[in-house]
Amino acid sequence: MEKFSAKALPIAADLKAFIKEHGDKKLGEYTIAQTYQGMKGIVGLVTETSKLDPEEGIRFRGYSIPELREKLPKAPKGFEPLPEGIFYLMLMGELPTKEDVMNVSNSWARRAIVPKHVFDTLDHLPKNTHPMTMLSIGVMALQTESEFAKAYQKGINKKNYWEYVYEDAMTLIARLPRVAAYIYRKKYHNDHHIEPNPKLDWAANFAHMLGYETLDVRRLMRLYLTIHADHEGGNVSAHTTHLVGSALSDPYLSFAAGLNGLAGPLHGLANQEVINWIIEMQKQIGKELPTKDEIATYIKKTLEDGKVVPGYGHAVLRKTDPRFSAQQDFYKRYIKQDNMCDIVAMIYEVAPPILEGTGKIKNPWPNVDAHSGALLMHYGIKEFEYYTVLFGVSRALGVMASLIWDRVLGLPIERPGSITIAGLKKKVGVAV
Ligand code: NMX
Ligand code: MLT
């Protein structure tokens, strides 16, 4: 925390001076259409942790995914980055050393004990509760532990908010894999739970608690939890966490809200949808490995039925998502042959021209969710209804790092204006 405050407090002071001097300068103009089309292209947020370029994809504090796979510290005998490293990078704005990563890992291991009432809460839910609903409820149950909420009730100086948010963020990230693994083992393994192993890194320990001990799954989990961590500030889960946090709702309340956004099929749930859609395709065609022509027909039918092709398109990206490419690379490097991954590759060849042909889909290329499920299926993690939980565990890293920055920068409550249809028409001189 000392290292962070030494870095962040001067930046916060500098920002205040910057806004005082330049606050009245224009950032841009926007149209009526943008107001109706999800505010796309309107810059209304400041997010430090990562920045998305429509052509090139995501950069975390300036580093692309291939660069991070090379530069971030790895576990002994590991080939993929440790997610502790990307959290450090997003929070501190600089690449961590091996020791920095060990410190984060140890801090999370020390904080990882989940209070019993969280498990009791999950145990009382109906068996058919969706894993994302369970995760959100699990995070809400963890909220009893919020240091920020307790301190605020006692009364604290604004200047110190960030310290409590930092504590909560670290504890929440530390406990999240245990809660997520509990949900998995409860739902799919008859409540046979696996105790954490504090000697393992965060991702390997998560894989262990899920019931997967191989080096391959550890590798996949480290990559998965790294690449899903953040996607600048405007995506639904990040923006929601930030928005709810701006009311000084504590990190647990804020993150649970973000998770509820991630649970939507146009956002994080798309990873579950992709596998569901491929399995349905296999059933309809009656083959495990359909041909490209058969896949094309299935895609066209999906569009004719007024449904989206899951895993394709993006609100900002206009090229293949580098997170998709990183997973393709993982497949080629470590797996080499798998029918489901081969189907993903065939869809990549077939889908873009068909989607482009509609003339309305702005991005015909695959996003992160187009590939992730196939890799998990390969290693036997076949319960695709659970996949968004993995995304959620990873997304905590980015949105919690951002929430700490929100409070250290002293950002106020978020409250954009809104307008009625009549108000809009009046503005452009159309009779109402
Ligand atoms: N399949 C069919 N139609 C699509 C697709 C798609 N993959 N992508 C966009 N469209 C449609 C979209 O529904 C809209 O139709 P209409 O005008 O009839 O309302 C039209 O194309 C224009 O949409 P865009 O401006 O290209 O996309 P938008 O920014 O509105 O939405 C997504 C972005 C990601 C929500 C959209 O591409 C989509 O629904 N993709 C499939 C779901 C998905 O993979 N989501 C995961 C995104 C990544 N993540 O993890 O969050
Ligand atoms: C994400 O990772 O949040 C998604 O790609 C969605 C987005 O960026 O809007």
Side-chain angles (χ1 to χ4, degrees), residues 33-42 45 47 49-54 56-60 65 86 90 132 224-242 258-278 296 298-327 344 347-348 350-373 384 387-399 402:
Q34 281 175 293
T35 301
Y36 267 101
Q37 287 160 1
M39 299 191 279
K40 313 265 172 54
I42 301 176
L45 290 169
T47 303
T49 46
S50 65
K51 175 78 189 116
L52 183 60
D53 179 87
E56 201 204 26
I58 193 69
R59 278 183 181 266
F60 299 84
I65 287 177
I86 197 153
M90 288 189 289
M132 276 303 278
Y224 188 108
L225 297 176
T226 297
I227 64 176
H228 286 79
D230 209 34
H231 220 224
E232 73 169 26
N235 68 75
V236 172
S237 49
H239 186 188
T240 308
T241 306
H242 163 81
L259 282 176
N260 293 341
L262 193 70
L266 297 190
H267 191 17
L269 204 79
N271 58 11
Q272 134 175 355
E273 296 290 293
V274 167
I275 295 301
N276 199 15
W277 181 79
I278 293 178
Y298 183 71
I299 292 171
K300 286 177 194 156
K301 173 85 173 58
T302 303
L303 295 173
E304 277 160 26
D305 290 348
K307 298 178 188 163
V308 296
V309 175
Y312 279 75
H314 200 274
V316 179
L317 276 166
R318 294 295 174 258
K319 287 275 162 64
T320 297
D321 190 335
R323 300 172 297 179
F324 176 87
S325 309
Q327 295 178 95
V344 167
I347 298 170
Y348 186 28
V350 168
I354 299 174
L355 298 179
E356 203 149 35
T358 65
K360 67 168 184 179
I361 299 171
K362 295 194 189 71
N363 176 34
W365 302 106
N367 60 56
V368 66
D369 299 315
H371 212 310
S372 53
F384 54 84
Y387 290 171
T388 313
V389 170
L390 301 174
F391 194 156
V393 170
S394 172
R395 188 49 55 97
L397 301 177
V399 301
S402 274

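One-based numbering, in listed order, for ligands and for the atoms of each. Both backbone and side-chain heavy atoms feed into the values below; hydrogens, waters and symmetry mates do not.
With a heavy-atom cut-off of 4.0 Å, H267 touches ligand 2 through its side chain alone. In E232, neither the side chain nor the backbone holds a heavy atom less than 4.0 Å from any atom of ligand 2. The backbone and the side chain of V308 each have at least one atom closer than 4.0 Å to an atom of ligand 1 (non-hydrogen atoms only).
Inter-residue side-chain proximity for L303 and I354 is flagged as met; some heavy-atom pair is nearer than 4.5 Å. In this structure, I58 and D230 have side chains that are not in contact, with every pair of non-hydrogen atoms separated by 4.5 Å or more. Counting heavy atoms from C-beta outward, I65 and F60 have side chains that approach closer than 4.5 Å. A heavy-atom distance below 4.5 Å is not found between the side chains of K319 and E56. Contact of the H314 side chain with the L52 side chain is registered, since non-hydrogen atoms from C-beta on lie closer than 4.5 Å. Taking 4.5 Å as the limit, every side-chain heavy atom of N260 sits out of range of all side-chain heavy atoms of T240. Counting heavy atoms from C-beta on, the side chains of Q272 and D369 never come closer than 4.5 Å. Between L355 and V309, some side-chain heavy-atom pair lies under the 4.5 Å cut-off.
Under the 4.0 angstrom criterion for non-hydrogen atoms, Q37 is not in contact with ligand 1.
Taking atom 41 (C) of ligand 1 as the reference point, the nearest protein heavy-atom neighbour is Y312 O, 3.2 Å. Of the protein's heavy atoms, A270 CB, 3.6 Å lies nearest to atom 43 (C) of ligand 1. Ranking the protein heavy atoms by distance from atom 3 (O) of ligand 2 puts R395 NH1, 2.8 Å first. The protein heavy-atom contact nearest to atom 9 (C) of ligand 1 is I361 CG2, 3.8 Å. Atom 27 (O) of ligand 1 has its closest protein heavy atom at H314 O, 4.5 Å. The shortest contact between atom 6 (C) of ligand 2 and any protein heavy atom is with H314 NE2, 3.5 Å. When hydrogens are left out, the protein atom nearest atom 9 (O) of ligand 2 is N235 CB, 3.4 Å; that is the closest non-hydrogen contact. Here the protein heavy atom with the shortest distance to atom 19 (O) of ligand 1 is K360 NZ, 5.0 Å. What sits closest to atom 8 (O) of ligand 2 on the protein, heavy atoms only, is H231 ND1, 2.7 Å.
Close contacts between ligand 1 and F391 involve ligand atoms 50 (O) [criterion: under 4.0 Å to a heavy atom]. Residue-ligand proximity, D369 to ligand 1, at heavy-atom distances under 4.0 Å covers atoms 46 (C), 48 (C), 49 (N), 50 (O). Ligand-side atoms of ligand 1 in range of L303: 2 (C), range being under 4.0 angstrom from any heavy atom. Residue contact check: G313 has heavy atoms under 4.0 Å from atoms 34 (C), 37 (O) of ligand 1. If you number the atoms of ligand 2 from 1 as listed, the ones under 4.0 Å from a heavy atom of R323 come out as 1 (C), 2 (O), 4 (C), 5 (O). Below 4.0 Å from some heavy atom of G311 lie the following atoms of ligand 1, by number and element: 43 (C), 44 (O). The K40 neighbourhood of ligand 1 comprises atoms 28 (P), 29 (O), 30 (O), with distances under 4.0 Å to a heavy atom of that residue.
The aromatic ring centres of Y298 and W277 sit less than 6.0 Å apart. Between Y224 and F391, the gap from one ring centroid to the other reaches at least 6.0 Å.
At under 3.5 Å, a nitrogen or oxygen of L266, whether backbone or side chain, sits near a nitrogen or oxygen of ligand 1. Taking any N or O of V309, backbone or side chain, at least one lies under 3.5 Å from an N or O belonging to ligand 1. Between K362 and ligand 1, at least one pair of N/O atoms sits closer than 3.5 Å. Taking distance alone, with nitrogen or oxygen atoms compared against 3.5 Å, K307 stays at or beyond that limit from ligand 1.
Less than 4.0 angstrom separates atom 51 (O) of ligand 1 from at least one non-hydrogen atom of the protein. Not a single protein heavy atom sits closer than 4.0 Å to atom 12 (C) of ligand 1. Atom 33 (C) of ligand 1 lies below 4.0 Å from at least one non-hydrogen atom of the protein.
R395 contributes a side-chain N or O that, together with a main-chain N or O of H228, makes up a donor-acceptor pair within less than 3.5 Å.
Residue L269 holds its CG atom at 10.5 Å from CZ of F384, rounded to the nearest 0.5 Å.
The side-chain contact (heavy atoms from CB on, under 4.5 Å) with D321 is formed by just one residue from the set I227, V368, N363; it is V368.
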Mind running side-chain hydrogen bond (donor to acceptor under 3.5 Å, both in side chains) on S50 and H231 for me, showing each step along the way? CA-CA 6 Å; S50 65; H231 220 224; over 6 Å; no
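Between T388 and N271, the side chains place a donor N or O and an acceptor N or O closer than 3.5 Å (distance only, hydrogens not considered). Side-chain N/O atoms of S402 and T47 include no donor and acceptor closer than 3.5 Å.
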